Amino acid sequence: MGGGEKKILDGVRLVVIPRSRSKVDRARMDIWKRQGAVLDSVVKSPDSIVVVARPLSKAKFDSSVGAKYRGQPVVRPEWVVDSLVNRRLMPLDKYQYSFDEKKPEPTKEPEKLEASDPHKADQRLVGFLSMGARGEKGRMGEFANNAKVVKRFEEAIRIYELMQFFDKNNAFRIKNYRLAISAIESLDKPLTSAQDLKQFGLDRGGIAQHVEEILQTGTFSKLETLKQQEMGDERYQLMTQFKKIYGVGDKTAYRFVKAGYKSIQDIVHDQEMYASLTDAQKLGILYFDEWNERIPRTEVEEHYNFVVREAEEIDKNLKVMLMGSYRRGAETSGDIDLIVYTEGVNEASQVHENLYKLTRRLQESGFIVCSMTEVSPAMHKFNGGCKLPGAQKCRRLDIIGIPHAELGASTIYFVGNDIFNRCLRMLAQIKGYHLSNKGLFLAADKSLVESFDERKILHTLGLDWVEYKHRNI
DNA sequence: GGGCTGTACTG
DNA sequence: CAGTACA
DNA sequence: GCCC
């Protein structure tokens with residue numbers, strides 16, 4: 001994060017209509033402001049540019065912009081986005097908003113990217129996304145404060161996660177603590193005050209206060225309160241235990257706690273309750289121990305090699321790739337994540353059928369021992385369990401079948417981690433795109449920008465390549 | 001007070 | 001549709 | 001927790 005580069009929108013007055021307070025719109029306008037734009041609610045100057053953020057009728061337009069409208073340029077938001085991406089103001093006429101269009105016609109590709117400088121993007125998100133690309137984490141001693149704050153926040157997260165089963169939803173609080181942790185971990189210098197987190201926008205607000213408290217007093221009063229609450233509440237420990245059963249989320253775990261169960265045995269012994277469980281949950285109980293064990297990296301590779309050999313027997317062009325935490329370099333994984341595709345095959349029915357063929361073959365060979373999803377010629381994905389020949393342990397196996405053309409977007413999705421994906425999707429939204437496992441699309445008309453080339457997807461979002469091992473955010 | 005990522009499957 | 005899962 |  002260098003700073004001090006010229007602001008692309010310096011002095012540009014924008015009137016954005018309709019006014020919206022959605023998170024995405026806000027984040028987007030924050031970026032514009034940081035790039036020097038002045039945002040007005042009404043036209044205040046002959047130079048004002050009216051940005052129509054969403055399709056709008058002429059009547060609405062007239063009432064929004066009001067009497068002060070003097071024939072200013074009226075453009076689609078892509079004008080601003082493209083100007084930022086290209087680091088210069090784009091010609092307005094190409095981006096004219098017109099009321100009659102059914103779909104507001106967006107620019108196809110955001111032209112050629114002249115520079116891919118994360119600076120122009122939401123600094124906070126990009127800061128997190130480039131985590132790990134930074135300096136060595138040597139000089140451990142100097143970073144004691146960083147570690148201390150991270151540890152406290154992690155403890156708080158753990159307790160908030162327990163509490164949200166019973167009380168209100170802490171998910172977004174938890175998310176923000178996680179983002180703060182990522183920010184601190186990406187810092188290339190010792191943490192001495194919340195000011196050090198300015199580049200992430202965390203130099204004021206609740207998180208900043210907590211950071212200051214921990215740095216100055218070594219204590220974190222909020223955490224102490226949380227610990228008090230956790231202690232002496234057996235329900236929390238039980239919830240955590242029950243939620244480790246595959247297929248059991250918070251609602252079901254809460255049901256178990258309400259029923260007074262103290263162990264998984266209690267669930268099985270209650271015939272009525274057991275009968276009410278889904279097949280997946282019953283498997284989750286059956287394989288409780290094995291599925292909560294970590295799988296060594298080398299064993300993940302053995303499973304992969306087995307599947308690859310079977311796939312080759314079906315069709316030389318049937319490709320299998322290892323995804324998930326393995327791809328991020330983890331020494332152990334919770335499950336085995338595979339993508340399968342067939343060279344040159346994009347048609348949905350064929351994609352599904354090829355996944356079906358592979359799954360059937362793996363079932364017949366005895367590798368797949370159980371399944372949580374229906375195995376049919378129309379399957380999109382497989383979730384189940386597998387065992388290597390002669391092995392004792394059943395491992396969780398996920399396979400998704402994808403059109404070859406979607407390899408890049410699918411890889412982003414399936415390599416993860418989840419937080420990385422969420423940041424990326426958020427960043428996409430802010431920049432007027434929509435990112436899913438199927439591809440990167442323009443938000444305006446859902447037209448495909450890129451799905452095959454992972455690099456291109458990141459690049460279009462203003463990011464340089466992010467190594468898989470740096471996606472653990 | 002309300003929103004906060006996006007998709008697929010089960011029952 | 002709610003619940004759960006996947007990243 | 002953060003932002004409007």
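Residue numbers begin at 1 in each chain, while the letters A, B, ... track the order of the sequences. Source: prediction; values computed, not measured.
Within the 4.0 angstrom heavy-atom criterion, no nucleotide atom of any strand lies near A:N383. Residue contacts shown for A:I400 are absent, as no nucleic acid heavy atom lies under 4.0 Å away. Using a 4.0 Å heavy-atom cutoff across all strands shown, A:K222 reaches sugar-phosphate atoms only and no base atom. Residue contacts shown for A:R327 are absent, as no nucleic acid heavy atom lies under 4.0 Å away. Counting any heavy atom pair closer than 4.0 Å across all strands shown, A:M323 reaches no nucleic acid atom.
Between A:R425 and B:dT5 there is no side-chain polar atom (N or O) within less than 4.0 angstrom of OP1 or OP2. Regarding contacts with the backbone of C:dC6, a side-chain N or O of A:R396 is found under 4.0 angstrom from either OP1 or OP2. Contact annotation: A:H210 side-chain N/O to D:dC2 OP1/OP2 distance is not under 4.0 Å.
Between A:R235 and A:D233 there is a salt bridge, since a side-chain N of the basic residue sits under 4.0 Å from a carboxylate O of the acidic one.
Of the possible donor and acceptor atoms, one in the side chain of A:D266 sits under 3.5 Å from a partner among the backbone N and O of A:S263.
The aromatic rings of A:F220 and A:Y177 sit tilted relative to each other, their planes meeting at an angle between 30° and 60°.
Among the nucleotides D:dC2, B:dT10, C:dA7, the one closest to the side chain of A:E374 is B:dT10.
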